Amino acid sequence: MKTSAFLFLTLLACSQQQRPVQLAPVRLDTPADTSATVFDSQRDDPFATTNRIDWPGPNAFRSASGRPGPDYWQQRADYTISATLDTSTTEVSGSVQIRYTNNSPDTLRFVWLQADQNLYRTGSKGSALFPADSRWGVRGFEGGYVFQDLRVNGTAVQPRINDTMMRLDLPSPLLPRGGKTTISINYSFKVPEHGSDRMGRDSTLYEIAQWFPRMAVYDDVRGWNTDPYLGQGEFYLEFGDYEYSVTAPAGYVIAGSGVLQNPDEVLTADQRRRLSEAARSSDVVQIITQSEAAGAKNQRRAGTRTWRFRAHNVHDVAWAGAPDFRWDATSWNGVVTQAYYQFPKAGKAWEHAAEMTQWTIRQYSQMFFPYPWPQATSVAGPVGGMEYPMFVMVHYGNDDPTSIFGTVNHEHGHEWFPMIVGSNERRYAWMDEGFNTYLNAFANDARYPGQNAYTGYLRNWADAVTAGNQSPLMTAPDNIDPAALGAIGYRKPAAVLLTLRNQVIGRESFDNAFREYIRAWAFRHPTPEDFFRSIENSTGEDLSWFWRGFFYTTDVVDIGIDGVSTKTSDGQQLASIALRRHTTIPFPVRLRVRYADGTTQDFSFPVNVWARGDRFEAVVPVRGNVTGVRLWPDQSVPDWNPGNDVWGTPPAADAAAPVTRK
């Protein structure tokens with residue numbers, strides 16, 4: 001989901017700065033009021049593990065280790081799709097055949113499919129939820145699916161439409177543990193103009209997504225996942241193989257998920273030669289040059305042409321088409337990375353997009369998990385930012401390459417979450433957007449050394465706290481205030497994960513645990529609890545206090561210094577530093593004392609010092625007269641009231657350092 005305007009501006013601001021970002025503490029005008037969101041008993045015992053009562057498992061499907069259990073199963077859906085783009089009527093029509101495999105232990109007598117285009121029907125739930133002119137609004141467009149000839153194993157069935165969900169009652173029960181059925185549907189829909197967040201058109205350019213009925217997920221946690229598509233929460237789909245074709249006006253070039261299967265029919269000999277060269281080169285090769293694109297724009301060709309694609313082990317596909325695409329490509333490690341754009345509309349920045357795509361795929365492959373597919377495509381258009389397997393849509397840019405890098409990088413980061421790790425974004429934005437924004441912090445630091453996205457993440461989170469429109473991270477994205485979605489879906493979870501990595505677990509240990517989580521759940525469907533258990537088992541830490549405080553409540557960290565005294569005991573000089581926890585969230589204590597001679601000394605205490613209440617007296621041996629104390633000297637703890645973090649003449653804080661480095 002994609003890089004909305006405010007998210008893009010935040011990432012862009014970070015990427016454009018050429019000086020180190022100072023990690024100054026974020027100050028709020030008033031302390032956060034948490035009385036309405038947290039039980040007093042949690043204040044009394046922040047280490048209670050009662051949150052685990054709500055966690056599914058452990059069982060044979062999902063183990064206590066946070067990995068898939070020995071009997072883990074998930075359904076499979078393989079698709080064959082034939083679609084036609086009619087530019088005279090701005091309509092897509094087609095047919096889809098779905099071969100659905102029931103790997104569950106349950107006999108199924110009906111199935112559910114997602115019909116996302118029905119968001120544009122008058123009276124849809126999504127159109128009522130969001131203002132028409134908002135990012136997630138329908139913008140006055142009237143559309144929706146028109147279905148014809150729905151069949152299951154050749155038998156006609158009557159669909160039951162419930163907003164953006166569609167139920168099909170099966171002519172005969174679908175048997176468990178491998179039972180198969182074939183669903184076929186003819187359909188059509190109108191394409192909205194100027195981009196309606198997920199798809200749209202701009203004159204001759206079409207970006208087409210969520211463009212065919214897709215199987216809903218049936219899993220061991222909720223059975224059928226029938227959450228409607230309301231506009232914000234997007235993905236939760238089954239993995240499978242796709243073969244699809246797009247028939248478009250003969251002059252059109254089609255870019256899509258998967259690998260082009262008929263280049264001999266749709267590309268010239270020169271274009272095929274250049275594409276073959278790009279597949280072996282780390283340099284950018286122009287597959288369709290500017291002069292060729294400009295010539296094609298003014299050329300009218302009669303008839304149609306069909307482009308055929310194939311994609312393996314994905315949970316969706318999308319495509320775009322225009323008669324005047326420039327097409328650049330390069331490669332890394334066998335992965336062809338491509339950029340399609342109209343020039344000059346897209347801006348000179350797009351001449352760098354193929355390289356940016358290559359850089360992003362390499363960066364995340366080396367840091368987190370190898371990219372598993374043979375190509376990655378970026379397309380410029382009216383959709384501000386949206387992702388699908390092997391294919392992303394990015395806004396137009398200008399002459400500055402940084403005007404698009406943040407979005408190119410963010411959207412392709414989604415190839416890891418949720419395209420590889422298939423979490424349920426319709427319920428948990430943080431498992432998709434939050435994880436991806438966490439990845440983006442590493443990319444930002446690597447691409448622009450000395451930059452630090454963490455500060456921007458904290459500021460955006462602070463804005464939501466100040467505005468009073470926070471929701472717990474476990475809130476479904478469509479129930480989050482749209483004004484706070486950037487903070488709660490994106491930046492707060494990213495900041496929280498960076499804090500967990502750097503201040504609680506340790507960088508190397510967390511990095512290993514995070515990679516292990518990705519490996520364990522690649523091409524599977526993890527729950528939040530699977531992630532929590534996976535991190536705890538990998539790191540050997542009981543993090544109940546952390547999950548509760550940062551994921552299940554809207555509270556913030558506020559630990560302050562009440563006072564400092566010194567005494568001598570058995571010839572040893574001691575300093576007694578009185579600390580108080582002003583909110584429900586405990587946190588490991590790190591403090592720095594300053595001596596009269598100007599030297600300093602650091603001390604650390606584990607989070608368990610707060611197990612007996614909201615006050616802790618840190619008694620430390622000192623080597624001289626203490627003149628000042630500072631909490632969190634490295635400035636990378638999200639303590640929201642820095643005014644009580646110092647005492648006396650405090651020692652200087654550390655110079656800002658990237659929180660992503662080892």
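Everything numeric in this text was worked out from a predicted model, so none of it was measured.
The distance between the ring centers of W416 and Y371 falls below 6.0 angstrom. Here F189 and Y120 keep their ring centres 6.0 angstrom or further from each other. No close placement of the H412 and Y364 rings is indicated, their centers lying 6.0 Å or farther apart. A ring-centre distance under 6.0 Å is found for Y244 and W211. Aromatic pair F417/F235: centroids not less than 6.0 angstrom apart.
Inter-residue side-chain proximity for Q114 and T164 is flagged as unmet; no heavy-atom pair is nearer than 4.5 Å. Looking at E433 and L485, their side chains never come closer than 4.5 Å, going by heavy atoms from C-beta outward. Put simply, the side chain of W521 does not reach to within 4.5 Å of the side chain of I420, judged on heavy atoms. Counting heavy atoms from C-beta on, the side chains of K345 and D324 never come closer than 4.5 Å. Counting heavy atoms from C-beta outward, H525 and Q75 have side chains that stay 4.5 Å or more apart. Counting only heavy atoms from C-beta outward, the side chains of P323 and K297 never approach each other to under 4.5 Å. Residues L205 and F325 are in side-chain contact: their nearest non-hydrogen atoms beyond the backbone lie under 4.5 Å apart. Side chains of K190 and T89 form a contact here, defined as non-hydrogen atoms less than 4.5 Å apart.
Here CG of L85 is found 9.0 Å from OG1 of T90. Values are rounded to the nearest 0.5 Å. Separating the OG1 atom in T289 from the CH2 atom in W327 is a distance of 13.0 Å, to the nearest 0.5 Å. To the nearest 0.5 angstrom, R426 atom CZ is 7.0 Å from L237 atom CG. Of the inter-residue distances, the one linking L260 atom CG with L275 atom CG reads 8.0 Å to the nearest 0.5 angstrom. Here M165 contributes atom CE and R160 contributes atom CZ; the two are 14.5 Å apart, rounded to the nearest 0.5 Å. In this structure, the separation between OG1 on T660 and CG on L439 is 11.5 Å, given to the nearest 0.5 Å.
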Show your reasoning for whether side-chain contact (heavy atoms from CB on, under 4.5 Å) applies to V266 and Q271.
CA-CA 10 Å; V266 296; Q271 291 165 356; over 6 Å; no
For a side-chain contact (heavy atoms from CB on, under 4.5 Å) check, start with the C-alpha distance between T357 and V408, then their side-chain angles and the critical distance, and finish with the verdict.
CA-CA 7 Å; T357 304; V408 169; 3.9 Å; yes
Y206 and V92: side-chain contact (heavy atoms from CB on, under 4.5 Å), yes or no, with the steps?
CA-CA 10 Å; Y206 286 76; V92 171; 6.0 Å; no
Under the criterion side-chain contact (heavy atoms from CB on, under 4.5 Å), I'd like the reasoning laid out for F369 against V421: C-alpha separation, chi angles, the key distance, then a yes or no.
CA-CA 10 Å; F369 185 86; V421 181; over 6 Å; no
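Not a single side-chain hydrogen bond (donor to acceptor under 3.5 Å, both in side chains) links R273 to another residue, sequence neighbours left out. Applying the side-chain hydrogen bond (donor to acceptor under 3.5 Å, both in side chains) criterion to Q299, with sequence neighbours excluded, gives no partner residue.
D432 and H414 form a side-chain donor-acceptor contact under 3.5 Å, judged by distance and modelled atom types alone. T80 and R99 share a side-chain donor-acceptor pair at under 3.5 Å. For the residue pair Y490/N440, the side-chain donor-acceptor check at 3.5 Å is not satisfied. Side-chain N/O atoms of Y341 and R326 include a donor and acceptor closer than 3.5 Å. Defined by atom type and a distance below 3.5 Å, a donor-acceptor pair is missing between the side-chain atoms of R272 and S276. Looking at N118 and S124, their side chains never bring a donor and an acceptor atom within 3.5 Å of each other. Side-chain contact, H410 with E387: no donor N or O sits under 3.5 Å from an acceptor N or O. Side-chain contact of T247 with T306: a donor-acceptor pair under 3.5 Å is present, judged by distance alone. Donor-acceptor pairing under 3.5 Å is recorded for the side chains of T402 and D400. Side-chain contact, T377 with Q375: a donor N or O sits under 3.5 Å from an acceptor N or O.
Not a single donor-acceptor pair under 3.5 Å links the side chain of R167 to the backbone N or O of W112. Judged by distance alone, the side chain of K348 and the main-chain N or O of P401 form no donor-acceptor pair under 3.5 Å. Using modelled atom types, one side-chain atom of R305 and one backbone atom of Y252 make a donor-acceptor pair closer than 3.5 Å. Without hydrogens or angle criteria, R274 side chain to I287 main chain gives a donor-acceptor distance under 3.5 Å. Side-chain atoms of R151 never come within 3.5 Å of backbone atoms of T182 as a donor-acceptor pair (strictly under, hydrogens ignored). For the pair N186 (side chain) and D149 (backbone), a donor-acceptor distance under 3.5 Å is absent. Formation of a donor-acceptor pair under 3.5 Å by the D86 side chain with backbone atoms of S88 is found in this model. A donor-acceptor contact shorter than 3.5 Å links the side chain of S331 to the backbone of S281. For the pair S257 (side chain) and A318 (backbone), a donor-acceptor distance under 3.5 Å is present. The main-chain N or O of N398 is found under 3.5 Å from a side-chain atom of S403 such that the two form a donor-acceptor pair.
We find that D241 and R76 are joined by a salt bridge, their nearest charged nitrogen and carboxylate oxygen being less than 4.0 Å apart.
Here the shortest heavy-atom pairing between P213 and L113 reads CB-CD2, 4.0 Å. Nearest heavy atoms, A354 versus A339: N-CB, 3.6 Å.
Between Y242 and Y79, the ring planes are parallel. Angles under 30° get that label, and only those over 60° would be called perpendicular. Classification of the F435-W430 ring pair by plane angle, with boundaries at 30° and 60°, yields perpendicular.
Under the side chain to side chain donor-acceptor pair (under 3.5 Å) rule, Q358 has a single partner from T330, D283, T337, which is T330. Residue Y145 forms a ring pair (Phe, Tyr, Trp, His ring centres under 6.0 Å) with just one option from Y229, F212, Y187, and that option is Y187.
A cation-pi contact links R447 to W359, judged by a cut-off of 6.0 Å to the six-membered ring centre and 45° from its axis.
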